[in-house]
2 protein chains.
Amino acid sequence: MTTQDAHARAENATDTAAAGKALGSHKGYLQGPRPDIRVPVRRVHLTNGKDVTLYDTSGPYTDPAIDTDVRRGLAPLRENWIVQRGDTEEYAGRELRPEDDGIKHTSPRGGLRNLDAVFPGRPRQPRRGRNGASVTQLAYAKQGEITPEMEFVALRENLSAEFVRDEIAAGRAVLPANVNHPETEPMIIGKNFLVKVNANIGNSAVTSSIEEEVEKMTWATRWGADTVMDLSTGRNIHTTREWVLRNSPVPIGTVPLYQALEKVDGKAEELSWEVYKDTVIEQCEQGVDYMTVHAGVLLRYVPLTARRKTGIVSRGGSIMAAWCLAHHKESFLYEHFSELCEILRTYDVTFSLGDGLRPGSIADANDAAQMAELDTLGELNRIAKAHDVQTMIEGPGHVPMHKIKENVDRQQEVCEEAPFYTLGPLTTDIAPAYDHITSGIGAAMIGWWGTAMLCYVTPKEHLGLPDKDDVKTGVITYKIAAHAADLAKGHPGAQQWDDALSDARFEFRWEDQFNLALDPETARAFHDETLPAEPAKTAHFCSMCGPKFCSMKISQEIREQHGATMEEVEAGMAEKSREFAAAGNRVYLPLAD
Amino acid sequence: MTTQDAHARAENATDTAAAGKALGSHKGYLQGPRPDIRVPVRRVHLTNGKDVTLYDTSGPYTDPAIDTDVRRGLAPLRENWIVQRGDTEEYAGRELRPEDDGIKHTSPRGGLRNLDAVFPGRPRQPRRGRNGASVTQLAYAKQGEITPEMEFVALRENLSAEFVRDEIAAGRAVLPANVNHPETEPMIIGKNFLVKVNANIGNSAVTSSIEEEVEKMTWATRWGADTVMDLSTGRNIHTTREWVLRNSPVPIGTVPLYQALEKVDGKAEELSWEVYKDTVIEQCEQGVDYMTVHAGVLLRYVPLTARRKTGIVSRGGSIMAAWCLAHHKESFLYEHFSELCEILRTYDVTFSLGDGLRPGSIADANDAAQMAELDTLGELNRIAKAHDVQTMIEGPGHVPMHKIKENVDRQQEVCEEAPFYTLGPLTTDIAPAYDHITSGIGAAMIGWWGTAMLCYVTPKEHLGLPDKDDVKTGVITYKIAAHAADLAKGHPGAQQWDDALSDARFEFRWEDQFNLALDPETARAFHDETLPAEPAKTAHFCSMCGPKFCSMKISQEIREQHGATMEEVEAGMAEKSREFAAAGNRVYLPLAD
């Protein structure tokens, strides 16, 4: 596919964005302490006149007042904040090369020349810290500075900006915000905040295209993804990422090693620090907000995986293991880690220290290889923090329920409470095609116990690449897990959502129940399947018990007619009994015609 | 619909049963200590010549050697065992009445006259304990007798028959097996056995028909349901139940109160012990294996629900609350509980003591009403045990994760370790249309902590009645939860299944991976979506990473070529590095044409 084709086809993604506008909620904004801090929210107007305000990750696409266009990209919300700090500079940037898009050196076709050829939107030059300065939210937080980004997330999480600053300064939270991705709406990842969800997208050599990936990104954020990782490995890898970044209201993560491997034609042993570093800078300049780096896969740990049931299942982990074996040398990622820190801090790219040796089966959970790598990630976390680089730590994988808590507890101890970012974990291996569920169970539990962000798993895990439906199912499942964790952690305000929906349910406000649902469309469609008629949407019964008897009715009557204290209620019961008999002793509504 | 129509349409259910035969496994039997004890298993023949043996709930329908016919019903597997015990007698039984099928007394249409008119299969008369004798598995276990049913489940669970007897005698497990349901393949419910799953079916006044319910039953057991509850409330309630029972290889549960309410035309206050008792006997004679009885909803507990967010959400609970309020008297179920025990023990019907005051929202979890009722269920459990009636206890409902464990711990203490049988619990209220997932999370956790059986929740919960697809999704989700719980509890042998599947995954035995999956059809279909070609089913890669690089390959090579001890492996790493270089340092297979 040519770059022109990609442009033409990517435009289709706008349809998806537009579709997002038609839901049972309205875009709203919370006004911050300065005019340019406006935090988006999803407002559900209830039929009883009340409003419920929900966290909103969907970006400008769901604001009918904003005319979005994927060819132009989103407005650079944070640009003034970045510029006003005065510690960054624009520069020419690395020259783009054909191999950045997976085109062979020898290809007769032309290739990428500059950013304008890659993306038709506003012209831009990359930006970086002046004279190698740390321009990270961690550096600012350490210095006691509350940035507009911190103000933004404080409002978003209903916590004080000083608390946000303190959590970031301590390394307990990260605010991924590359200076080259000013389109992001700031969000925070840490155990003392709402549990976040990441959705993976990305093409591979086998399937998918640019417009599909942009569409998956807007689709995933529509349903609640807090960040998106672009794990593309095939053609157009640079161009796909550019389109995704310019249109993404959420932080974008990548695994630079995947692209680096493409540049050396898939030969792991030909990887080098130079190729890797070049790729990292390429991605820093584009605006990637966090990068998975498998620097904990050390040569001496590889033999620990030899007797595992499923060996090394992380792509990054196996690439680095292959490199270490081929050269019989220590990982170049580990050896050059400080240098990598010096690069990332000039863009404010956050580390996601990868768990290359995570278990790929129940049998391998919590084994020596996994725990050895975790110790090294703890060491790297300290180095990154010393360099002012924001850092989170990735976790497993496949873990039976009784071994999950040990993962969080040990990670929190070894990594000084740095945010844990886990994939599931899957609590059994027996259900391919349902691994969103096997892992949703583990995700909810590990979220409760302290994981800050959950990487979703779709029904296609182990079987194929997710399509749009799979992305939605994965995101919804993980929003359930994250919210269940918020409830269990007692996050202030989390239960308001459940309470609002349960009130609607108890009061037979069906439309409110649908609109408050994580997925209003499907909830409404399911109700329509059995009772399609419009009157059923206001009926005081549903198809489960039918119109003849409804369990909630009597409770409702007791509550409506009796006072707040238990004494009054107790006294009222006798009266209720008399009324009940007087009213014909009927506890259900007559069947409507 | 006439009874004749029902017969004609119910025959369609055979198609479903037949379809169950075409799966990636073969019916097998474990031979017990006597010729007529043959425990069905699902045998998966792997491409590497090995066999994996899995628990099988699907009944004779998946045995190609057995010619099943829903008009004839299943063979009465346990009949000889029951007869040979010599403690039961056949008798004429209660005369059937039109209102048993929801036909009004005044209806000009005729009605049910005898069992032959209801079901065309083998003629039968009901059976009961001679002279009111206890013919329960609990009575036998207390007397030290190991029944063929106990031998059967011992083989099925891979435990000793003496252990089975002991668990039943202690009231820690139940083996639901009405003497009038000889078609059941014995199974056991208790915390020291595999966690079980119940699927609810049933028509309502709004929707559904007899043949659909029979089909849902065979369909649910096909996918792994260990028991089925028929919660029908509409027309043909007696006839539907007869068809379900005569064709069910698993124990059938009901809530007799639902049918009793139909008999008094939906007027709760017209319910009486006499109508209820008559209905219970009707269902005992048909062969219902366990009955939900909401005898713990006491008059004085009703006011405790007045300030709840969602009041009383159990149908049985609200019916009894309505009755108590109308009469301002204590529940007739509670008042006549001992008499009820005397009936149930002559058929070996197991109590499922219902939690009529379970919470219906996160806000109401673990409240005073719920816990007060639980204390009463503990009292009733002791009475039932003293009467030799097997008993399990039902549990919630809607409970946030951090409040789940308290439910099991308290139930186990108050109810002397009687089996806990919980609905979910749902860990958040915000996801109607996905409550199989919100509750699957809670189900896995509560199963780990000691719940013996999980009542499934389908995607239609709160919205409508489940269709066939919903039943399948509900069962698969709950089999995941149950198996994850078995793993976490360290049930002997549980992990073999995961290990077999992970081995297949690691060795790229795709067909084995599909056939070992909980849902082989969907796993295969998902793989086909991205890589439909037949060679892809033996390829050493998948569409996720594509053919260029696969993470499992190198681990596999290390393991294949090195010994079992870590020393050997360590030594082997250097050699591996040389081999690797000699082989061109390529870690992936070349792309197949």
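Bear in mind that the values here come from a model prediction, so they are computed numbers and not experimental data. In the text below, chain A, chain B and the rest are named by the order of the sequence lines, each starting its count at 1.
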Mind ranking [options] by heavy-atom pairs under 4.5 Å with chain B and telling me who comes out on top?
| options | result |
| --- | --- |
| A:L426, A:T522, A:I441 | A:I441 |
| A:T427, A:I362, A:L231 | A:I362 |
| A:L518, A:L501, A:D429, A:I430 | A:I430 |
| A:G442, A:A494, A:A488 | A:A488 |

Flag the pair [X] / [Y] as yes when at least one side-chain heavy-atom distance between them is below 4.5 Å, and no otherwise.
| X | Y | answer |
| --- | --- | --- |
| A:H436 | B:I437 | yes |
| A:W448 | B:M445 | yes |
| A:R505 | B:P432 | yes |
| B:L463 | A:F514 | yes |
| A:W497 | B:T428 | no |

Restricting to non-hydrogen atoms, name the atom on B:T310 and the atom on A:S502 that form the minimum distance, rounded to 0.1 Å. CG2-O, 3.7 Å

Starting at [atom1] of [X], measure out to [atom2] of [Y] and round the result to the nearest 0.5 Å.
| X | Y | atom1 | atom2 | answer |
| --- | --- | --- | --- | --- |
| B:W449 | A:H402 | CH2 | NE2 | 14.0 Å |
| A:S361 | B:D498 | OG | CG | 9.0 Å |
| B:Q495 | A:K309 | CD | NZ | 8.0 Å |
| A:R308 | B:F506 | CZ | CZ | 10.0 Å |

For A:D470, the salt bridge (charged side-chain N to carboxylate O under 4.0 Å, His left out) test, sequence neighbours excluded, returns A:K460

Measuring heavy-atom distances to chain B, does [X] have an atom under 4.5 Å in its side chain, in its backbone, in both, or in neither?
| X | value |
| --- | --- |
| A:P466 | neither |
| A:L516 | backbone |
| A:A485 | both |

Just give me the residue among B:T477, B:T473, B:D499, B:D519 that pairs up with chain A most often, heavy atom to heavy atom, under 4.5 Å. B:D499

Quick check for you: among B:A523, B:P459, B:A484, which has the greatest number of heavy-atom pairs under 4.5 Å with chain A? B:A523

Side chain to side chain donor-acceptor pair (under 3.5 Å) against B:D467, all qualifying residues, sequence neighbours excluded: none

